[in-house]
Amino acid sequence: MKKLIIFLVIVLIIVATVGYVYLNYKANYNEAQVKNAQYESYDGKEIFGTDLATLINKAVDDNTKNKIEKEDTGLYADNSTDSIRIDVLFTDDNKVHSMEEIYNSGTDTFMQYYNQIRFKCTKIDYHSKTGRVSYMYFEQIAS
C-alpha cells in the first residue's frame, strides 16, 4: 500500500511539473506573439515619420524595461532574447542611422523634419531563442 501511495505521489509531481512547464511556455509564447504583432504590423508597409518616431520610442522603452545593456558605442546590445534594434536608411544622405542616434538627437526634431516623409519596413529579423522581433530596417521613400 505504501508503494502505491509513493508511486501516485511521484506521478502527481511529474504531471504537475510538466503542466507548470507547459503553461509557462504557453504564457511566454503568447506574450511574444502580442509583442511581435505590435512590431510586425509595420512590416512591408509605408508609414510616415511620425509613426516611425513612435516606433523608435516604443523600441527604446521596451529595451529600457527589459534592462538591455548598451555597448561602448551607445547602441543597445543584442541579448538573444528580447532586445530590439531599428535602423533607418535616409535617402537624403544615403546613410543608415540607428534608432539610438535618432532618439538621442530628439524624436521631436526628427518629427519636425520627417513627419510627412514616408518610410517602409523592408526587413524584420527574430531572435532564434524566443522568436521575438530583434531587428527592423526602414528605408526612406523618395518623395
Side-chain angles (χ1 to χ4, degrees), residues 4-143:
L4 180 63
I5 293 174
I6 292 173
F7 176 74
L8 290 176
V9 168
I10 290 173
V11 169
L12 184 62
I13 290 172
I14 291 171
V15 168
T17 302
V18 169
Y20 173 77
V21 168
Y22 175 75
L23 290 175
N24 195 24
Y25 166 78
K26 255 331 227 183
N28 288 338
Y29 176 79
N30 289 338
E31 181 185 345
Q33 293 301 340
V34 168
K35 285 283 187 192
N36 282 353
Q38 295 171 351
Y39 289 107
E40 288 172 339
S41 64
Y42 296 97
D43 190 23
K45 293 189 178 145
E46 292 183 13
I47 61 173
F48 287 104
T50 52
D51 296 323
L52 182 57
T54 301
L55 184 65
I56 288 171
N57 284 335
K58 178 174 179 21
V60 169
D61 186 52
D62 284 349
N63 282 339
T64 303
K65 285 180 183 174
N66 294 328
K67 298 179 180 152
I68 307 300
E69 305 258 338
K70 285 192 175 184
E71 298 173 346
D72 296 337
T73 59
L75 302 177
Y76 285 103
D78 182 3
N79 70 351
S80 300
T81 56
D82 55 6
S83 60
I84 185 161
R85 281 187 18 233
I86 298 174
D87 286 333
V88 182
L89 171 66
F90 289 93
T91 55
D92 299 349
D93 59 1
N94 205 25
K95 186 177 174 190
V96 176
H97 297 273
S98 68
M99 71 176 187
E100 295 87 353
E101 195 176 339
I102 295 167
Y103 184 81
N104 292 336
S105 297
T107 52
D108 292 337
T109 305
F110 174 80
M111 285 194 296
Q112 180 180 355
Y113 293 109
Y114 293 98
N115 65 344
Q116 293 299 314
I117 304 298
R118 291 178 296 139
F119 296 87
K120 184 175 183 177
C121 180
T122 58
K123 182 177 182 183
I124 189 165
D125 291 332
Y126 299 87
H127 290 291
S128 57
K129 286 183 180 178
T130 60
R132 291 183 177 208
V133 172
S134 66
Y135 177 76
M136 297 180 81
Y137 184 79
F138 285 86
E139 295 178 7
Q140 179 182 353
I141 299 173
S143 330

Considering non-hydrogen atoms only, spot the tightest contact between His97 and Asp93 and give its length.
NE2-OD2, 3.1 Å
Residues in salt bridge (Lys or Arg N to Asp or Glu O under 4.0 Å) contact with Glu40, at least two apart in sequence or another chain
none
Have Asp125 and Ser134 got a donor and an acceptor in their side chains that come within less than 3.5 Å?
no
List the atom of Thr81, the atom of Arg132, and the distance in Å for their closest heavy-atom pair.
O-CD, 3.7 Å
Taking the side chain as every heavy atom from C-beta outward, state whether Leu8 and Leu12 have any pair of such atoms under 4.5 Å apart.
no
Taking side chain as C-beta onward, heavy atoms only, is Asn30 less than 4.5 Å from Val34?
no
Using only atom types and a distance under 3.5 Å, with no angle test, would you say the side chain of Asn36 pairs donor to acceptor with the backbone of Val133?
yes
Under-4.0 Å salt bridge between Asp82 and Lys35
no
Closest approach of Gly131 and Tyr126, non-hydrogen atoms and distance?
O-CD2, 3.4 Å
Just say parallel, tilted or perpendicular for the rings of Tyr114 and Phe110, cut-offs at 30° and 60°.
parallel
Side chains of Val88 and Met99: closer than 4.5 Å at any heavy-atom pair?
no
Rounded distance [0.5 Å steps], CZ in Phe138 versus CG in Leu89:
12.5 Å
Please work out which of the three classes, parallel, tilted or perpendicular, describes the rings of Phe119 and Phe90, given edges at 30° and 60°.
perpendicular
With distance as the sole test, does Asn66 use its side chain to make a donor-acceptor pair with the main-chain N or O of Asp62 at under 3.5 Å?
yes
Provide the closest heavy-atom pair for Ala77 versus Ile68 in the form atom of the first, atom of the second, distance.
O-CG2, 3.2 Å
Spacing of Thr91 atom OG1 and Glu139 atom CD [to the nearest 0.5 Å]:
9.5 Å
Spacing of Met136 atom CE and Tyr39 atom OH [to the nearest 0.5 Å]
8.5 Å
Residues Met111, Asp108; criterion side chain to side chain contact (heavy atoms under 4.5 Å, CB included); working and verdict
CA-CA 5 Å; Met111 285 194 296; Asp108 292 337; 3.9 Å; yes
On a heavy-atom basis, which atom in Tyr76 and which in Arg85 lie closest, and how many Å separate them?
O-CD, 4.1 Å
Going by heavy atoms in the side chains, are Asp51 and Lys45 under 4.5 Å from each other?
no
Heavy-atom side-chain contact between His127 and Ser83 under 4.5 Å
yes
Here the gap from Glu100 atom CD to Leu75 atom CG, rounded to the nearest 0.5 Å, amounts to 4.5 Å
Mark yes or no for whether Thr107, through its side chain, and Tyr103, through its backbone, hold a donor-acceptor pair below 3.5 Å.
no
For the CD1 atom of Ile47 and the CG atom of Leu55, what is their distance to the nearest 0.5 Å?
6.0 Å
Taking everything shown except Glu69 itself, do over 12 heavy atoms lie less than 6.0 Å from its CD?
no
Kindly give the heavy-atom pair with the smallest separation between Gly44 and Lys120, and that separation in Å.
O-CE, 3.3 Å
Distance, nearest 0.5 Å, that separates CD1 of Ile124 from OH of Tyr137:
15.0 Å
Would you say the side chains of Asp92 and Tyr113 form a donor-acceptor pair under 3.5 Å?
no
